[in-house]
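Notes follow once the structure below has been shown.
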Amino acid sequence: MLIATFNINNVNRRLENLLAWMRKAKPDVVCLQELKAEDWAFPADKLERAGYGAVWKGQKTWNGVAILARGKKPVLTRKQLPGDHEDGQARYIEAAVNGIIVASIYAPNGNPQPGPKFDYKLAWLGRLHQHATVLRKSGAPIVLAGDYNVAPTDLDIYPTKSWENDALIQPESRAAFKRLVGRSWIDAMRRMHPNERIYTFWDYMRNRWPRDAGLRLDHLLLSPNLKDRLSEADVDREVRGVDGASDHAPAWIRLRT
DNA sequence: ATGTCTCAGCGTCTGAGA
């Protein structure tokens, strides 16, 4: 079973890119982030025609997350992260697919830092940690996939000083991610490629794609009971190079059935 | 400070967010 995460950066603007990649990669499950569409504007009919059922949580202009499943509709279990009733941002959706609980995650960017947006990012990652623990203790197999907006270590960013003050690599951001992963969750990409520089995001600015000046921000965390099923993990980098591409590429894992 | 891209709105540019 192939499970992918893809920050699409506007699902309607880039629907043709998404469908072209899906025809080629044939993922069983796709977690999407940054839909940038309200619920009514989500292209469910077109995805259905491509063979995928979907659950989604949209929002006007910003954020928005979805889970797609080939040949079936995911069974929705949650549409928001617990822990803050005031939080109306569409950054979390969770569903059961093929016996696995899958979450599509879009963590806050957190810039500029320091400031309220950075505080919100750290608090949000803390809430995710709490909820991830609840999920893990349920004993179900779980995949937490999405854009965490954290490059966990210096191996997850090209050698540079340009991002020194950016929320994506601050020690507090990295510590929050590390706490979440803890000793239980498996960072699937790192498990399969312990020492490689692997990126999932290349900023539009400053020629960063042609220079391969990327960051690894999109992660698939597996609950420990999925350890022996993980057979492959990679990034479909070429997707970043096509016309009208998102600034992220799809990251994916393969699980033995 | 800049670079890129996109969208919304007191709109054919500007500010905001990533």
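In what follows, every chain begins at residue 1, and chains take the letters A, B, ... in the order their sequences are listed.
- The environment of A:Arg197 atom CZ is dense: over 12 non-hydrogen atoms of other residues, nucleotides or ligands sit within 6.0 angstrom.
- Comparing the C1' positions of B:dC10 and B:dG3 gives a spacing of 30 Å, expressed to the nearest Å.
- Closest approach to the A:Thr61 side chain among B:dA8, B:dA18, B:dT6 is made by B:dA8 (side chain taken as heavy atoms from C-beta onward).
- No hydrogens or angles considered: a donor-acceptor pair under 3.5 Å links the side chains of A:Trp202 and A:Asp212.
- Computed from coordinates, the A:Asn165 CG to B:dA1 P distance equals 12 Å when rounded to whole Å.
- Counting non-hydrogen atoms of other residues, nucleotides and ligands closer than 6.0 Å to CD of A:Glu38 gives a total above 12.
- If you check B:dA18, B:dT6, B:dG9 against the side chain of A:Arg14, the one that comes closest is B:dT6.
- Taking 4.0 Å as the cut-off between side-chain N and carboxylate O, A:Arg208 and A:Asp247 do not count as a salt-bridged pair.
- In this model, the phosphate group of B:dG17 is approached by a side-chain N or O of A:Lys117 to a distance below 4.0 Å at OP1 or OP2.
- Within 4.0 Å (heavy atoms only), A:Tyr106 reaches sugar-phosphate atoms of the nucleic acid but no base atom.
- Residue A:Lys36 is out of contact with every strand shown, counting any heavy-atom pair closer than 4.0 Å.
- Atom P of nucleotide B:dA18 and atom CZ of A:Arg13 are separated by 19 Å, given to the nearest angstrom.
- Spacing between atom CD of A:Gln59 and atom P of B:dA8 amounts to 12 Å, rounded to whole angstrom units.
- Nucleic acid contact class of A:Asn9 (heavy atoms, under 4.0 Å, all strands): none.
- In this structure, CH2 of A:Trp202 is placed 17 Å from C1' of B:dC5, rounded to the nearest angstrom.
- Rounded to whole angstrom, the span from the NE2 atom of A:His248 across to the P atom of B:dT4 amounts to 18 Å.
- One P atom belongs to B:dA1, the other to B:dT12, and the distance between them is 29 Å to the nearest Å.
- Closest approach to the A:Met205 side chain among B:dG9, B:dT4, B:dA18 is made by B:dT4 (side chain taken as heavy atoms from C-beta onward).
- Counting heavy atoms from C-beta outward, A:Pro27 and A:Arg70 have side chains that stay 4.5 Å or more apart.
- Residues forming a side-chain contact (heavy atoms from CB on, under 4.5 Å) with A:Asn10 (at least two apart in sequence, or on another chain): A:Asn12, A:Arg13, A:Lys36.
- Nucleotides B:dG11 and B:dT6 are separated by 23 Å at their P atoms, to the nearest Å.
- Residues from residues 169-181 of chain A lying near DNA chain B, meaning a heavy-atom separation below 4.0 Å, are absent.
- DNA chain B is contacted by both A:Arg208 and A:Glu34; A:Arg208 maps to the nucleotide lying nearer its 5′ end (nearest heavy atom per residue).
- A:Trp124 and A:Tyr106 are not linked by any side-chain donor-acceptor pair at a separation below 3.5 angstrom, with hydrogens and angles left out of the test.
- Atom CG in A:Asn7 sits roughly 14 Å away from atom P in B:dT6 (whole-Å rounding).
- Under the rule for a ring-ring contact (aromatic ring centres under 6.0 Å, His included), A:His129 has no partner lying at least two apart in sequence or in another chain.
- One atom, CG of A:Asn63, and another, C1' of B:dA16, lie 13 Å apart when rounded to the nearest Å.
- When the P atom of B:dC7 is taken as reference, atom CH2 of A:Trp62 falls 10 Å away, rounded to whole Å.
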